[in-house]
Structure formats: C-alpha cells, structure tokens
Amino acid sequence: MVQFNWVFLDLETTGLQPERDKIIEIAALSMDENGEKQIFHHLLNPEVPLPPHITRLTGITGEMIRTAPTMADIKKDLLEFLGQKVIVAHNAAFDLGFLEKALGFPLPNLYIDTVELAKLLLPHTPSYSLRNLVRTYQLNQEPAHRALPDTRALEKLFYALTDTLKKLPIYALQEICSFLQDNPQGLSWYLQEILKDQIRHYDFTQQLETACVEENEKSSTAKNKRAFQWSVKALEEMFLPGGYIAGQLLNYQTRTPQIQMLKAVAKVLEQERHLLVEAGTGVGKSLAYLVPALAWAVSQGEKIVVATHTIALQEQLARGEIKFLEKVLPFHFSAAVLKGRNNYLCLHKWREFKEAVHGLSWPEKLLMSRISLWLRENGTGDRDSINLRGWEKEFFQQVSSVKDICLGSNCPFIGECFYQRAKQKALEADLIIVNHSLLLSDLKLGEALLPKYQYLVVDEAHHLEEEATKQFTETFSLYALQKRIGALLKKDNYRKFGLFSFIQSLLTKEVQDLGHIQNRLADAQHLAENINMQIHDILCVLEENPSLELSRVQEGVKHAAWWETLNILFANLRSNIVGLLRELQSLYDYIAAELDYATWEIPLRHLKAHINESVVEAQVIENFFAAGGEEKVYWFERDNALKDLRLHITPIKVAQQLYDHLFISKTGTVLTSATLTVDGSFAFLIEQLGLPEELVDTLQIPSPFYYDEQSLLLVDSSLPDPGKTSEELYSLAIQEALLKILLVTGGRTLVLFTSYKQLRLMFDVLHDPLQQAGLELFADGINGSRSLLVEELKVNPQAVVFGANAFWEGIDLPGAALTSVIMVKLPFAPPNLPLVEARVEALTHEGKDGFYGYSLPQAVLRFRQGYGRLIRTVEDWGVIVVLDNRIVKKRYGKKFINSLPQQKYYAGDTGFVVEQVRKWFKTSGG
Ligand code: SF4
C-alpha cells in the first residue's frame with residue numbers, strides 16, 4: 001500500500017458562518033518522515049465576543065482565549081505544518097471554509113471529507129456525526145467538541161473507514177471511480193489509489209469459495225426441515241419448557257398469556273372468525289401470532305398477510321422474529337417483505353442516470369456512488385436500507401419504480417427488477433409482511449398489489465383506522481403540480497431536457513405530419529406555462545393571507561373574500577389542466593397510432609402518467625370547490641416550507657369501506673396491539689373499524705408485568721388546567737414544575753409533549769439550568785432525530801430527551817436506559833383540527849356525545865402508548881409523572897387511569913411529586 005502524507009484537521013468556531021464567525025481553536029495531527037506523530041494545536045483569540053452557547057458546547061471560556069494568539073500570529077506555522085499534505089476533516093467544507101476565510105486565500109491541498117467517505121461506505125448508518133461513527137466502529141476515542149480530541153477521533157475514524165474501503169470488491173470500486181473520476185477532489189484521487197492497490201493484490205479464488213460455502217449451508221438447513229401437520233397442541237408445546245421456541249430463547253419463561261393468544265389466533269384460522277386481541281406489553285404477541293400463522297399457511301397451503309404499522313416495523317419483524325423462527329421451527333416456511341413500489345430502485349431508470357452521470361453535480365455523483373455500493377451490498381433495491389436525507393430522497397424518487405412508466409415485460413431488466421423480484425418472492429411466500437399503507441392501497445385498488453390471500457393479521461391495529469382515513473382521502477397538491485409541470489417544461493435535467501424537449505428531440509423529418517405533432521407540443525407547452533403562472537397567482541394570494549394555515553371548508557369560509565378569489569383562480573387552473581390533458585391525450589393518440597412503438601415507448605409512458613395525474617387533479621379540484629354532503633370533510637392545508645397548498649377531501653368515517661373491502665371479504669382476521677381498549681372496552685375500535693359484531697371475538701390479555709411494584713405513577717395536581725389558563729401562565733407553571741422534577745429524575749428521562757411549540761419553548765428555558773445540574777438536554781428536531789435521541793438514552797445516563805408526536809409510541813428501551821417518563825399534557829387531539837371537529841360534529845348529529853365518543857377514547861389510547869414506554873420487561877422499573885391535573889380533577893380522568901395496567905397512583909403538588917420521586921429512587925430504583 002502506498003504511504004500518504006495526511007494531516008487530520010479540526011476547528012472550533014464562534015458559530016457556523018465563515019463570513020461572520022471566527023475560529024477559536026485549531027488542531028492538526030500528522031506523521032513526520034520517521035513515523036513520529038506531530039501535533040499543531042492552538043486556542044485562538046477571535047477578537048470578537050464568545051457566544052455563551054459556544055462556551056456551553058466546548059467548555060472554552062473568554063478567559064481561556066483572551067491572551068491566546070490570533071490567526072495572524074500562527075498563520076506561518078500553520079501553513080508550514082500543512083505543507084503539501086492531504087487534509088482529512090469531518091465535514092471538510094465547514095473547516096476549510098473557515099480556514100480559507102481566515103487565511104484570505106484558498107488552500108492548494110487536496111482534501112478528503114470523512115462524512116463523504118462514511119456516507120459512501122456505510123449507507124445505512126442512522127447518523128454521520130463524528131460521535132456516532134466513532135461509536136459505530138467502537139474506536140474508543142469519544143469526540144468532545146474540542147479540536148484536539150476530535151482530531152484524534154478523526155484520525156482513528158479515517159483509518160477505520162479506509163479498512164472498510166479496502167474490503168470492497170474491485171468491480172464496485174471501479175464503478176464508483178468511473179462516476180467520480182472527472183472531479184479534482186481528494187476523494188476521487190484516493191479511491192483511484194485504493195483501486196490500483198486492490199488490483200495489485202487481488203486474490204481471485206477467495207470470493208468463489210465463500211459463495212459456495214454459503215450456498216451449501218442454505219440448502220442443508222432447508223433439507224433438514226419437515227412438513228407440519230396442523231395441531232394446536234403441537235404449537236402450544238413449542239412454547240413449553242424444552243419446546244422448539246422455549247428451548248432456544250435465553251432465560252425464556254413459559255408465558256401463559258402468550259399461549260392464550262396463540263390459541264385464540266389458531267381459533268380464528270380454524271373457525272373463520274375475526275379477532276380483536278389486546279396483548280399487554282410482555283405477552284410476546286409477535287410470536288403468538290406468527291407461529292400459528294406460519295403453521296396454518298404451511299399445513300393448509302394458504303397465504304397469510306401480516307400488516308405492521310410502519311416500514312420500520314416490517315423490517316424489525318423480518319430481521320427479528322422471522323429470522324429466529326427460520327432457525328427454530330421444525331418446518332420449513334418462506335416469508336417475504338413487500339413494500340409500495342416506489343420504495344424500490346428501478347434499474348432501467350438507474351441505467352439512464354448512469355449514462356448521464358457526467359452532467360451531475362459532485363454531491364449527486366457521490367450519491368450515485370453510494371447507491372451503487374449499496375445496491376451491490378444490499379441486493380434488495382429497497383430505499384429503507386439506505387440512509388437518505390432531504391434532497392437525496394427526492395433524487396432517489398427519480399430512480400424509483402413508478403407504475404405508469406414501468407416498461408413491464410419489455411424492460412431489459414425485468415429478470416433483475418427489484419420490485420418484480422419482491423413481488424415474485426411475495427407470490428411464492430407462505431407469509432407476506434406488508435405495512436398498513438400497502439395493505440389499504442391494495443384494498444382500495446381492488447386487491448391489485450398483493451397476491452390473493454384470505455387470512456390477515458394486523459399488528460399495531462390501533463392505527464388501522466387512521467391509515468384507512470389517509471388512504472381514502474383525495475388530495476390535490478399545488479407543489480406536486482408545479483413539479484409535474486416542471487418535468488414537462490424542463491430544459492436541463494439529467495437527460496438535459498424535460499418531456500416536451502425529449503419528444504422534440506425524437507422528431508425527425510421522416511415523421512409524417514410533423515406540423516401536427518409540433519402544433520400539439522406548442523399548445524401543450526403554452527398551457528403548461530399558463531398553469532405555472534396560475535400557481536404563482538395562488539401563491540401570491542397565500543402570501544397576502546398569512547393566517548390561512550389549516551382550515552375546514554364550511555359555509556362561513558365560503559363567504560370570505562379570499563375564498564372567492566381562490567375559487568376563481570382554481571377554476572382557471574382546473575380549466576388549463578383539462579386543456580393540457582386534452583393536448584397530451586391528442587399527442588399520445590397520434591404517436592401511439594402513427595409512430596414506431598419501440599422508439600416512442602418511453603415518452604408514451606411518461607405522457608400516459610401525466611394524463612392520469614391530470615385527470616385526478618382536475619377531479620379533486622372540482623370536487624373540492626363543489627364541497628357538499630355530510631359524509632366528507634373538505635379542508636386545506638398550507639405548507640410554508642414547500643410553498644404548498646393542499647386540498648383534501650376526507651371521509652368522516654371509514655368503517656363502511658373497511659367492512660366492504662376487508663372484513664367481509666377475508667376469511668379470518670386478527671387485529672392486535674397493546675392498546676385497543678378504553679376502560680376495558682373494545683367498543684370504540686369495533687365501531688371505528690366497522691367490524692361485523694356477529695363475527696368478531698375480543699380478548700384482552702393483560703401484561704405479565706407487576707406494574708404496581710415496578711413503577712410509581714404520580715400526578716402533579718397543583719398545575720393549572722391548560723384549557724382554562726393563559727398560554728403564558730400555563731407555560732411558566734410547567735417550566736417550574738418540569739425543572740424541579742427533572743432535577744430528581746435525573747438523566748434517562750423521556751418527556752412527552754403534545755405540541756412542538758411547547759417542546760421548543762421548554763427546551764429554550766430549561767437547557768441551561770439542566771446543564772448546570774450536569775444533565776444533557778436533547779430535543780426532537782432541535783439537536784437530533786428520533787433514532788439518534790433514542791440512542792442517546794441508551795448510552796448516556798445524563799440524557800433527558802424531549803419528544804413530541806413520534807415519541808409517544810414505538811420506543812423500546814428496556815433496562816436502565818429509561819427510568820422516567822413525564823407526560824406534560826393529556827394527548828387530546830386539538831379540537832379545531834378539521835377531521836376531529838367534523839367527527840365530533842357527526843356524532844353530535846347522531847345524538848351522541850362527540851367528546852366521549854371520539855376525542856376521549858382517542859386520547860386514552862395515545863396516553864396508554866406513552867405510558868407503555870417505561871416498563872418493557874419484567875425487570876424494568878421507574879417513575880411516570882403526569883403534569884396534567886385533569887386526570888384527577890375531571891370526571892373523564894378516570895377513563896385514563898382505569899385504562900392503565902397500574903391502579904395505584906399518587907397525586908399531590910410539585911413538592912409532593914419531587915419528594916415521592918426522590919424516595920422511590922432511593923428505595924426502589926436500581
Ligand atoms: S420492470 Fe419496470 S420497475 Fe423494473 S426495472 Fe424495468 S422499468 Fe424499472
């Protein structure tokens with residue numbers, strides 16, 4: 001291996017903007033010609049005030065830098081130290097931007113950015129922060145927001161990444177080198193060097209042998225399995241001591257509730273029933289439904305679909321329980337994960353992009369290289385196995401599979417197509433794992449997406465109604481229309497032109513009636529440009545009415561002046577969409593009838609896709625502005641970040657659709673979750689989901705945990721009622737109580753909010769006092785994403801995490817990683833949300849109580865989810881504090897308490913709560 005002359009560099013600064021902020025610390029590490037480590041390290045006087053948050057972050061104080069040298073003082077030594085070496089930095093653009101600004105000229109050195117290198121090599125890592133990467137590689141050098149230790153961490157990380165790089169197959173390296181070769185970046189050069197080195201040392205026999213061993217292992221496992229004769233008793237025995245399942249799980253204790261659930265699921269399969277089964281945390285519900293489902297599928301030759309709420313849960317089930325069962329069950333089965341088609345990369349589009357790679361920007365080329373390596377490593381083409389952020393997601397969409405433009409059997413990649421392979425695997429599988437969204441799209445489209453099946457298990461079934469509501473909602477998006485029109489008119493994209501220019505480029509003099517097609521194109525182009533102008537006019541109206549955020553269309557709204565204006569603008573927009581649609585259809589008909597299909601297939605498919613989308617857009621706009629009828633709610637939503645206005649038409653109830661599409665047509669359905677009941681009753685869910693009462697069984701299986709012993713439930717009853725207090729006073733009271741309670745719960749505490757606004761407010765006011773007390777405060781969307789903050793709780797005993805919506809469920813932190821959960825407010829949905837308001841109203845019209853019939857049960861289910869974050873195993877312990885006194889002061893509060901598995905709770909003022917927490921941690925905790 002060639003030896004390179006590296007210098008590892010890191011800076012600390014007064015802020016993030018090189019134009020405005022200054023360097024306060026610099027460290028660089030290098031090796032001299034004798035292999036001795038050389039260090040260049042200085043605190044620098046920035047000659048501007050040091051912001052307090054930088055002192056908090058780095059520990060560098062004004063005192064420390066007051067007498068330090070300035071950049072001018074160290075400039076000469078620094079340049080000498082850097083010499084001609086290759087600079088390695090983490091997020092190099094940041095460090096070099098500051099350095100070059102401070103020096104006053106660009107540095108001639110080649111540089112390598114370890115963020116770029118890590119993104120390339122570790123496509124699925126949740127975060128590319130130095131801290132997370134150091135942990136991923138277990139490098140034993142924790143970064144500290146100080147230049148010198150961070151430079152040491154950087155050096156170790158770079159060598160670890162290089163080791164990973166060297167393990168890449170030659171053909172993979174060759175492809176990414178071909179993508180990146182034209183760029184004078186240090187990374188391109190380094191990859192070329194590694195490639196040359198790999199070619200010199202390649203062992204051509206090694207890969208073949210590995211492949212053979214893996215293949216033999218696979219086939220021998222399959223051969224040893226027997227067929228399964230359906231027997232509930234045999235399934236039960238698998239969970240008894242020494243059974244196939246119990247015998248393979250460390251410390252497994254036979255759980256009567258788990259066997260109870262297994263038997264109930266088996267009954268559904270045998271007797272063609274529907275079952276709602278609430279299985280408390282710790283029952284082991286996944287195995288309790290998977291084992292009978294798989295046994296039934298294999299023994300009866302039936303296909304079973306399991307639907308989880310999210311794609312992440314699909315993955316969790318496939319990688320966890322399914323892998324485990326593949327090893328331990330005495331019979332062979334096949335399971336497949338299937339997602340919506342746009343989750344998969346389209347190889348045909350990918351080839352088009354590869355051919356045009358030279359026209360892409362450096363970040364796009366890097367992303368192409370990442371995708372290329374990921375495709376080779378992952379083999380599923382499934383975007384959830386690569387970590388994409390922001391624009392990267394949009395880029396992926398350009399290479400993902402789309403129904404209307406898929407070439408189907410004419411595609412040269414049909415044999416390797418990721419989506420087709422996933423579908424084929426699902427077709428052959430005994431059990432298919434889908435998500436709620438795909439399940440419901442399939443039902444909506446007349447079962448066109450999934451293979452035929454008669455048995456269904458829906459996990460996290462408390463989300464089914466919400467997902468069905470989404471699926472049956474019709475939506476028009478101004479932003480999506482703008483993007484679509486852009487794709488027609490674009491003059492410069494990866495192919496160098498949009499659809500109109502593409503069609504133009506295919507026209508030759510030989511095309512008969514060239515004038516006709518060109519006139520159609522010109523008219524279509526004119527209409528598309530009109531649409532763009534009308535979108536602009538609508539955006540202007542929005543700008544003039546900044547208060548329009550989320551509104552339900554009701555009689556009152558229809559008399560507002562802005563509504564009248566929007567109505568006229570949308571009528572014009574719709575008429576242009578219809579005009580464009582006619583021109584596109586005319587173009588399509590002419591090309592399809594007169595021109596060579598092989599040459600024109602791709603533009604024809606794109607035209608068809610635009611035609612289909614135009615039809616839907618025109619229809620939704622028409623329906624929306626004709627708003628009427630009591631069964632649907634019409635509402636619009638504004639997204640300022642995207643400059644979008646969305647028009648939604650949502651059914652107030654989806655029970656009938658679910659009844660028609662699902663329950664009446666499937667032979668057996670199991671709906672399960674840890675939270676299906678409200679105060680012990682399934683009535684709310686049965687009504688919401690339209691379950692046929694005569695065919696549905698219900699079963700509530702309590703958790704085997706000892707909640708009254710394992711956790712302490714406290715209510716701070718001294719806080720004001722949020723509904724009856726001004727926002728300011730309420731926030732002040734919460735702030736004081738939270739601080740006092742957090743000081744005794746300490747780290748490993750999760751605080752659940754119902755609004756981001758309040759979360760941000762509390763973060764701002766509590767960050768400093770908590771830090772002074774030695775705690776580290778993290779908040780969703782402020783200093784980390786959900787997955788990173790969950791990681792933080794696992795590894796950092798001082799971590800306090802503030803989370804909103806997504807944190808109320810799905811977080812599984814067993815053991816000491818989470819010892820306190822604080823729920824700030826009871827999680828009622830805001831009553832003025834269009835759908836909530838419409839549903840409450842609908843119940844009132846039916847003579848029912850909207851609050852008790854809808855808002856309350858919804859809030860109770862969510863509350864139970866939040867509560868469930870704390871105790872995950874029989875050994876967990878901790879404290880739950882509710883800061884909303886309505887739970888003890890209002891009549892309906894009992895519904896919340898009675899729905900919990902814990903009946904003992906204590907209420908008192910903040911001082912009482914603090915004292916109880918203190919006592920609990922002293923006597924019970926740990
Ligand atoms: S079959 Fe369709 S989705 Fe698959 S690679 Fe070909 S064009 Fe893409």
Side-chain angles (χ1 to χ4, degrees), residues 123 171-172 175 179 311 314 336-357 360 364 367-386 388 392-429 432 434-435 437-438 441-442 445 447-451 483-484 487-488 493-499 502-503 505-506 588 591-592 595-613:
Y171 53 83
E175 179 158 272
F179 289 158
I311 288 177
Q314 277 180 278
V337 171
L338 188 63
K339 299 176 185 172
R341 133 176 245 148
N342 64 353
N343 282 278
Y344 298 92
L345 182 130
C346 165
L347 286 166
H348 186 257
K349 287 181 172 183
W350 176 241
R351 185 179 69 181
E352 286 184 349
F353 264 73
K354 286 207 291 192
E355 283 168 2
V357 71
L360 299 180
E364 286 171 331
L367 181 56
M368 292 281 291
S369 307
R370 277 180 82 194
I371 294 177
S372 162
L373 288 182
W374 160 74
L375 284 176
R376 290 176 195 284
E377 179 200 304
N378 175 273
T380 65
D382 175 352
R383 76 166 173 201
D384 296 303
S385 54
I386 180 168
L388 301 175
E392 296 171 346
K393 284 187 188 163
E394 291 219 2
F395 185 94
F396 189 92
Q397 269 179 10
Q398 296 184 64
V399 287
S400 69
S401 174
V402 175
K403 180 174 173 277
D404 285 341
I405 53 176
C406 170
L407 302 178
S409 54
N410 290 341
C411 175
F413 299 101
I414 187 77
E416 296 89 46
C417 172
F418 295 119
Y419 177 62
Q420 298 297 345
R421 270 170 34 190
K423 266 184 82 170
Q424 186 59 32
K425 217 173 152 204
L427 192 66
E428 291 161 7
I432 310 170
V434 301
N435 51 55
S437 166
L438 180 60
S441 311
D442 177 61
L445 299 173
E447 307 197 7
L449 303 176
L450 299 178
K483 271 184 68 182
R484 195 168 71 68
L488 286 173
N493 71 350
Y494 73 96
R495 284 204 205 102
K496 295 292 167 211
F497 31 62
L499 184 57
F502 186 34
I503 292 174
S505 75
L506 290 179
Y588 181 93
I591 294 172
L595 304 180
D596 172 43
Y597 187 76
T599 313
W600 287 87
E601 180 173 7
I602 292 174
L604 276 175
R605 286 186 181 276
H606 280 271
L607 275 173
K608 193 72 186 161
H610 280 286
I611 290 166
N612 291 343
E613 284 177 51

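Counting starts at 1 for both ligands and their atoms, following the listed order. Hydrogens, waters and symmetry mates are skipped; everything else that's a heavy atom, side chains included, is used.
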Does any part of the side chain of H610, heavy atoms only, come nearer than 4.5 Å to the side chain of R484, both counted from C-beta?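 When only atoms from C-beta onward are counted, H610 and R484 do touch, with a gap below 4.5 Å.
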Given side chains that start at C-beta, do those of F418 and T380 come closer than 4.5 Å, heavy atoms only?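 With C-beta onward as the side chain, the pair stays apart.
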How close does the nearest protein non-hydrogen atom get to [atom], and which residue and atom is it?
atom                    : value
atom 2 (Fe) of ligand 1 : C406 SG, 2.3 Å
atom 8 (Fe) of ligand 1 : C346 SG, 2.3 Å
atom 5 (S) of ligand 1  : L347 N, 3.4 Å
atom 3 (S) of ligand 1  : S401 OG, 3.3 Å
atom 7 (S) of ligand 1  : L407 N, 3.5 Å

> Checking only N/O/S atoms, does C411 have one that is under 2.8 Å from atom 2 (Fe) of ligand 1?
Replying inline: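 So C411 does not bind atom 2 (Fe) of ligand 1 by this criterion.
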Any chance the rings of F395 and F353 have centres within less than 6.0 Å?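 Yes, ring centres under 6.0 Å apart.
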- Atoms of ligand 1 close to H348 [distance to a heavy atom under 4.0 angstrom, numbered from 1]: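 What qualifies from ligand 1 is 5 (S), 7 (S).
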Exercise for the section: Could you tell me whether the side chain of S372 and the main chain of M368 form a donor-acceptor pair under 3.5 Å? Expected result: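 Checked: no pair found.
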Side-chain H-bond candidate by donor/acceptor type, E428 with Q424, under 3.5 Å |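 Checked: E428/Q424 side chains pair up, N/O donor to acceptor below 3.5 Å.
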Is it true that some N/O/S atom of C417, main chain or side chain, lies under 2.8 Å from atom 6 (Fe) of ligand 1?
->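 Given the 2.8 Å cut-off, C417 does not count as a ligand of atom 6 (Fe) of ligand 1.
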Both conditions, 6.0 Å and 45 degrees, for the charged tip of K339 above the ring of Y344: are they met here?
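No.
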